[in-house]
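What you see below is based on every heavy atom in this structure, not just the backbone, and it leaves out hydrogens, waters and symmetry mates. On a predicted model such as this, the values are computed, not experimentally measured, just so you know.
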Amino acid sequence: MGQRIEDYALIGDHQTAALVGRDGSIDWLCLPRFDSGACFAALLGDRDNGHWRLAPVHGGPCTRRAYLKDSLILESVWETAAGTVKVTDFMPQRDRAPDVTRIVEGVSGRVDMLGVLRLRFDYGRVVPWVRRSDNHRVAVAGPDSVWLRSEPPVRTYGEDFSTRSEFTVSAGDKVAFVLTWHPSHHARPRLVNPHQALRTSLHDWQAWAGRCRYSGPDRDAVIRSLITLKALTYAPTGGIVAAPTTSLPEAVGGVRNWDYRYCWLRDSALTLNVLLSAGYQEEARAWRDWLLRAIAGDPADLQIMYGLAGERRLPEFELPWLPGYADSAPVRIGNAAVNQLQLDVYGEVLDALYLARTSGLPGQPHAWNLQRALMDFLESAWRDPDEGLWEVRGGRRHFVHSKVMAWVAADRAVRSIEAHPALPGDGDRWRAMRDAVHKEVCERGYDRERNTFTQSYGSVELDAATLLIPRVDFLPATDPRVVGTIDAVRRELDHGGLIRRYSLEGDNVDGLPGTEGAFIACSFWLADALYLSGRGKEARALFDRLLDLRNDVGLLAEEHDATADRALGNFPQAFSHIGLVNTALTLASPATAD
């Protein structure tokens, strides 16, 4: 692929999302949900795997692009020798069917435009049958049906198994294209007015952004990250996907390619903190309620991730017909990590529900009983090894972060009954567990010679997740052991001034070949830890560096390759944007000594 990951922008309708390249091509879109099969999969293959390009006939990247203020409506402008043209891309919040709307507007001169729509259902594999009907082009294959129309009508013709259109716009001309999906056994959905939909979408986005109560430094970056998180929310259930993509590589040409179109429990407390701190009570409540529905059942069966509606089975398989982004194979659908034991999620769930309670979210009658059941299981299970936060595939260990989060679970349970004595629960037993976990971590997970917490008991390797120790109140940020950990992680996991998740040398904890870039969220954690430990100037400098990693429309990927200076991993990544907002909030809090 000629486009870098950071060359893409996001549009979406709160149920799915598309990636639009600088060249005017939509190269990724799953319909009707984030986790559905892609009808445009050129991102993970080539143009024959599905795309929709709409740009000047001579091609090339746009001259400039930007979102309309406080929205997810993308404007791309091409300045050509013949004139200037603008394409506005967005997905209106759906009534029943998802629509992708693209409005071409002549700004000056006369510009010849070319549209190429190549639909390929089932992740770029299935070529649909295309026919005409009522000034539409209709593409049908199996369960999928897509209708394309333009206003005013533009002549379309078939060529090379694609639908093409050629037209010219002069200053003031507007041509709108609307692509609509619906199940092939249903009647054609109601037509939307593209221009009215644009006005409504802009109003809705700006009204939503206007609810943000953060008024500190870098507010524009915070708003853009919040809009991105809103775009990654599946509106019918409140679940938030980690990213709208699958298999974008953590190293170009490597095999570390995973499907992130699901909802991770690890994001729960951090996401709730972001939403509540920014004033989004409704979204926080929806996320909390999704969490409670997803985790209901036997505490021993708690998963690390679930589907958009809380689905538990997310089987992993490969798509051999797709070569992968920049030949980074395999392309994976589903995620086998769903079957792993990751004990840290119990702490993340208890922390999230504690935060929800203390922040005043309306209670759920069964929520406390569920938390007690989780604690009953964790009281014995916390001593077991697990796969840890990073979902390693190299075998279970006693990961320090997992133990710390087990301490968090016990601590939040104790705090809850201390603040609300009417809640039933064995506080003495939970206090004893909390003390036992704390003692064991400080004895077995801490390297006294190097003055740092390690990745796992008995390991010499480090883990950026230990930077979260002060954030979760396990130890104060000024504790010498925490300060030593900050310095050791910063030194040993450095990647061009950013931070990797963990070392890929030594005993190969993740069981995978190859390498990866710096994990962006970890670098935000480092900025937080620096600030909380009294090194405000260093924290601010790192935060500014991280802001520079955003692409031209303010989006962050999962990782960054500091050597090649390019984005890596699934995009845009919720964890990265959560980190941005959290760090902005931290840096805006009362200053520490420097």
Side-chain angles (χ1 to χ4, degrees), residues 6 8-20 22 62 64-77 86-94 98-103 105 192 194-235 238 240-241 243-244 271 273-287 543-544 546-557 571-574 576-585 587-588:
E6 59 266 35
Y8 288 97
L10 181 79
I11 59 173
D13 66 355
H14 310 305
Q15 296 191 44
T16 191
L19 294 186
V20 187
R22 290 178 183 270
C62 62
R64 63 183 184 276
R65 64 179 181 170
Y67 288 113
L68 292 180
K69 182 174 175 58
D70 292 347
S71 80
L72 203 68
I73 299 170
L74 180 71
E75 286 190 340
S76 303
V77 176
K86 176 173 66 177
V87 176
T88 302
D89 291 320
F90 67 103
M91 294 183 69
Q93 294 186 41
R94 70 178 74 172
D99 298 292
V100 180
T101 304
R102 316 191 75 179
I103 300 176
E105 181 178 355
V192 301
H195 303 289
Q196 178 60 44
L198 175 60
R199 291 189 291 270
T200 301
S201 294
L202 181 60
H203 173 271
D204 289 348
W205 275 113
Q206 291 181 341
W208 186 86
R211 289 167 46 201
C212 178
R213 67 186 183 199
Y214 176 75
S215 58
D218 305 297
R219 188 175 189 274
D220 287 345
V222 169
I223 290 289
R224 177 52 50 197
S225 289
L226 290 168
I227 287 173
T228 304
L229 292 174
K230 178 68 171 176
L232 299 181
T233 301
Y234 184 65
I240 301 174
V241 297
T271 304
N273 181 65
V274 160
L275 294 173
L276 291 168
S277 298
Y280 291 101
Q281 297 281 118
E282 180 181 339
E283 287 74 13
R285 181 176 180 177
W287 174 241
F543 184 66
D544 289 341
L546 290 164
L547 291 180
D548 289 341
L549 299 185
R550 296 173 300 155
N551 72 355
D552 59 314
V553 291
L555 302 180
L556 285 167
F571 175 86
Q573 177 80 358
S576 300
H577 285 283
I578 292 167
L580 187 155
V581 180
N582 262 320
T583 301
L585 294 171
L587 296 183

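Between the CG atom of Asn273 and the CG atom of Asn582 there is a distance of 5.0 Å, given to the nearest 0.5 Å. Rounded to the nearest 0.5 angstrom, Arg224 CZ and Asp70 CG are separated by 7.0 Å. Rounded to the nearest 0.5 angstrom, Ile73 CD1 and Gln206 CD are separated by 7.5 Å. To the nearest 0.5 angstrom, Ile240 atom CD1 is 4.0 Å from Thr233 atom OG1. With values rounded to the nearest 0.5 angstrom, Leu580 atom CG is found 9.0 Å from Leu226 atom CG. Of the inter-residue distances, the one linking Thr583 atom OG1 with Leu547 atom CG reads 9.5 Å to the nearest 0.5 angstrom.
Pairs of residues two or more places apart, or lying in two chains, that qualify as ring-ring contact (aromatic ring centres under 6.0 Å, His included) and include a residue from residues 207-226 are Trp208-Tyr280. Note on residues 546-557: pairs passing salt bridge (charged side-chain N to carboxylate O under 4.0 Å, His left out), not counting sequence neighbours, are Arg22-Asp552, Arg65-Asp552.
At distances below 3.5 Å, not a single donor-acceptor pair connects side-chain atoms of Glu75 with backbone N or O atoms of Leu68. Put simply, the side chain of Asn551 gets close to the backbone of Tyr8: a donor and an acceptor are under 3.5 Å apart. Between the side chain of Asp13 and the main chain of Thr16, a donor-acceptor pair closer than 3.5 Å is present. Put simply, the side chain of His577 gets close to the backbone of Leu556: a donor and an acceptor are under 3.5 Å apart.
Here the closest non-hydrogen pair linking Ser201 and Pro92 is OG-CA, 3.5 Å. Ile223 approaches Ala209 most closely through the heavy-atom pair CD1-O, 3.8 Å. Nearest approach of Ala17 to Pro244, heavy atoms of both residues: CB-CB, 4.1 Å. A pairwise comparison of heavy atoms in Ala231 and Leu10 identifies CB-CD2, 3.9 Å as the closest pair. The minimum heavy-atom distance between Val222 and Ala584, with the atom names listed, is CG2-CB, 3.6 Å. Summarising the geometry of Val553 relative to Ala66, their closest heavy-atom pair is CG1-CA, 4.1 Å, with the distance given to 0.1 Å.
Shown here are the side-chain hydrogen bond (donor to acceptor under 3.5 Å, both in side chains) partners of Arg64, two or more places apart in sequence or in another chain: Glu79. In terms of the side-chain contact (heavy atoms from CB on, under 4.5 Å) criterion, residue partners of Gln93 (sequence neighbours excluded) are, by chain and number, His14, Asp204. Listed by chain and number, the residues in a side-chain hydrogen bond (donor to acceptor under 3.5 Å, both in side chains) with Arg213 amount to none (sequence neighbours excluded). With sequence neighbours left out, Glu282 forms a side-chain contact (heavy atoms from CB on, under 4.5 Å) with Arg211.
Residue His203 places its NE2 atom among 12 or fewer non-hydrogen atoms of other residues, nucleotides or ligands, all under 6.0 Å distant.
Thr228 is listed as a side-chain neighbour of Leu555, based on a closest heavy-atom distance under 4.5 Å. Using a 4.5 Å heavy-atom cutoff, the side chains of Thr88 and Leu74 are not in contact.
Shown are Ile11, Val100, Leu72; of these, the side chain to side chain contact (heavy atoms under 4.5 Å, CB included) with Asp89 is made only by Ile11.
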**Request:** May I have the step-by-step check of side-chain contact (heavy atoms from CB on, under 4.5 Å) for Phe90 and Ile103, ending in yes or no?
**Result:** CA-CA 9 Å; Phe90 67 103; Ile103 300 176; 4.2 Å; yes
- [ ] For Gln281 and Leu276, run side-chain contact (heavy atoms from CB on, under 4.5 Å): C-alpha distance rounded to whole Å, both residues' side-chain angles, the deciding distance at 0.1 Å, then the answer.
- [x] CA-CA 6 Å; Gln281 297 281 118; Leu276 291 168; 3.1 Å; yes
